[in-house]
Amino acid sequence: MMSSPRRRSSAFLRGTMLLLPALVAAMSAAPVRAVPAADKERALHETFALETYARRAFNYLDRMVDADHLPYFNVFWETPAEAAHDWPDFGDVMTRALQGAVMARQMTGRASTSEQPWLRKALGYIDPDTGLLTRPKTGFSERTADPGDYALTLYALVTVYDDAPKPELAAVIRRMVDGFPRVRNDNPGFMCFVIKSLMAAARSLKYEPAVAYAGECVRLVTEKAPIIQDDNTYPRGGHMHMFTRGLVGMADYALYVKDPVLFSRVDGAYRYLRSLDPGFGFLPEVVDRQGDVIACETCSLMDYIGIGATLANNGHPEYWAGIERLVRNQLAESQAVDNSWLVSDPGSKDTEQFTHRDVGERMVGAYAGWSSPTHFVACREFLHWGGPELRGKTRAFQNCCGGSGTHAYYIAWKNASRFDDGVLCVNMHLDKLLPQAEVRCLQPYRGLLHIDLKADCEVRVRIPDFTCHEEVTVTIDGKPVEAAATGCFLRIAGARAGQMIEARYPLPTRTEKVTIGNRKSTGKAQVWYPLMKEAGAKTQGGFNRYTYRVTWKGDTVVRMEPVGRMPKSGFSDFEKKRVELFYGEEGPGRLYQRSHMLADVEPRPTPLHEDRSPIDYWRLR
């Protein structure tokens, strides 16, 4: 006899509780090791929970530091692989990682061993007279207060404060805001990058000077040196993360000062970003590089999600579908799991600047800086700053992305399902545990969503945009109920604590062809990011186009197949010569090894952690 839907759901959720302690213990007991591709293929089918990625990130956060807990910005694809300290380590990399560690703790209930040392170091680098983080002078860094460090450190410290408010930290943050005139400049790259940091400080501490400074930045990047062109596009040569961080800050500011025109411009620019995205979240690091290299950076994905979530929470719920596809696909594939392509030297001793010890294993849980649709690294490009000990080496990771990837997952986790004013809103079909409900989604294995209610409420479930409301069947405790369609959501009124709600829908498999590549331009590039000034305007590339056959199962890419013969080399405008490319089947870290997701099975429940986090920079009023 077949069991009832209610019994099957109850068994599923009982399994969650029985497996949870053992699975969490197994994940936390030892450092994560590189997982061979064959082992990944044999992995048990499990639900898609964002906590999984946060837990894996602890391996990177805890281990890719030196004895003094200073992180490494550079990881080079050499033999053996090596990680190297560089000037971003003191402010940029460390404070992004600190912010990510705080968010990962909220997602998992576990603290990184680096979190408190990073906080102490960041506070120790802040000059009490100026309020600015000042890098020390070392063999790889000059003593300076950098504007980019300022923006990132301010945002990280506000996150620490929101996590555990302390008056001493509030004073440091206010002093840092007051120090803004010391780093203010006319570079739109910096001025758009700092807006979100200032707005986070303004909202969390109710500190109006931060709003005023954010307004100065907004006016510069919308009037004096516009980052959004008249047609809502971004100028060629612009660094994508500068653009996305600027937009997420501008959306925040527009909501705070109630400026609908500015908010509309941000929405238009976000729609332009979506036009660059082939559908699974691949966003170019640089807009229309003048050559054959196009790569995706995790930092850009973080704020791409942040903009979408801010807009979706404030009048544009239709954007949740694209955010879910990005998270399930390019973001998930951007976290390092199999680093067997990095050959490590387990027996070497660290020096003041370098480590060769177990680099591949220590980088499990970190994030891609330059991925292609099929590989973790898109091409062989080299470092062009720093001393001779750094130059001319193939870049494998840029660890600004190490903290940003976890930050990206936190944004998705915080917004996946929300409970506000007596309404449970399931924005994305992702697992989520709230005090009021446990939400489980069986995609990509089955089109089935479980909601175990723990509070009386109205329930709203977003309709996946690969189906329609007529195809979604809703039951409560196994009995069919009518759910009214309201926009892109189904509405279930009067639900009660203890009830089990299920939404079933078709999970179609479809195949499409997508093409990526840069567009040739004769106009002058606007290169605002100082690290990219060596990119030459002269081009010799053929502007290769790369076509893929993408197989979808619901919102999940289950196959990514190169179409035709992919070029093995192409012109790099950074190197001003041809370099090795990895857009076909051959290359480091093959992505989208997902054939196991084609199975029609009931996945095991993945351990969840209840969301009680006060950190929220995307549901704004």
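Given the structure is predicted, the values throughout are model-derived calculations rather than measurements.
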Inset, instruction - Would you confirm whether the ring centroid of Phe397 sits within less than 6.0 angstrom of the ring centroid of Phe376? - result: yes
Inset, instruction - For salt bridge (Lys or Arg N to Asp or Glu O under 4.0 Å), just list the numbers for Lys393 and Glu78, CA-CA rounded to whole Å, side-chain angles, deciding distance to a tenth of an Å, and then say yes or no. - result: CA-CA 7 Å; Lys393 297 179 178 180; Glu78 300 292 304; over 6 Å; no
Legend entry - Option among Phe48, Trp413, Tyr367 that satisfies the ring-ring contact (aromatic ring centres under 6.0 Å, His included) test with Tyr53: Phe48
Legend entry - Minimum-distance pair of heavy atoms, taken over all atoms of Met302 and Ile411: O-CD1, 3.5 Å
Legend entry - Centroid-centroid distance, Phe76 to Phe382, less than 6.0 Å: no
Legend entry - Minimal non-hydrogen separation, Trp341 against Gly589, with atom names: CD1-N, 3.5 Å
Inset, instruction - Please examine the side chains of Asp431 and Val439, heavy atoms only from C-beta on, and report whether any two atoms are closer than 4.5 Å. - result: no
Legend entry - No-hydrogen, no-angle side-chain donor-acceptor test under 3.5 Å, His356 and Glu82: yes
Inset, instruction - Decide whether a cation-pi geometry holds between Arg391 and Trp385; the criteria are a distance under 6.0 Å from NZ or CZ to the six-membered ring centre and an angle within 45° of the ring axis. - result: no
Inset, instruction - Validate the cation-pi geometry between Arg135 and Tyr125: distance from NZ or CZ to the six-membered ring centre under 6.0 Å, angle to the ring axis within 45°. - result: no
Inset, instruction - Please check if the distance between the ring centroids of Phe243 and Tyr270 is under 6.0 Å. - result: no
Inset, instruction - Taking the side chain as every heavy atom from C-beta outward, state whether Pro71 and Met64 have any atom pair closer than 4.5 Å. - result: no
Inset, instruction - Kindly state whether the ring of Tyr234 and the ring of His239 have centres lying under 6.0 angstrom apart. - result: no
Legend entry - salt bridge (charged side-chain N to carboxylate O under 4.0 Å, His left out), paired with Asp62, selected from Arg55, Arg362, Arg110: Arg110
Inset, instruction - Please find out if less than 6.0 Å separates the ring center of Phe354 from that of His85. - result: no
Inset, instruction - Measure from the ring center of Trp87 to the ring center of Tyr72 and say whether it is less than 6.0 Å. - result: no
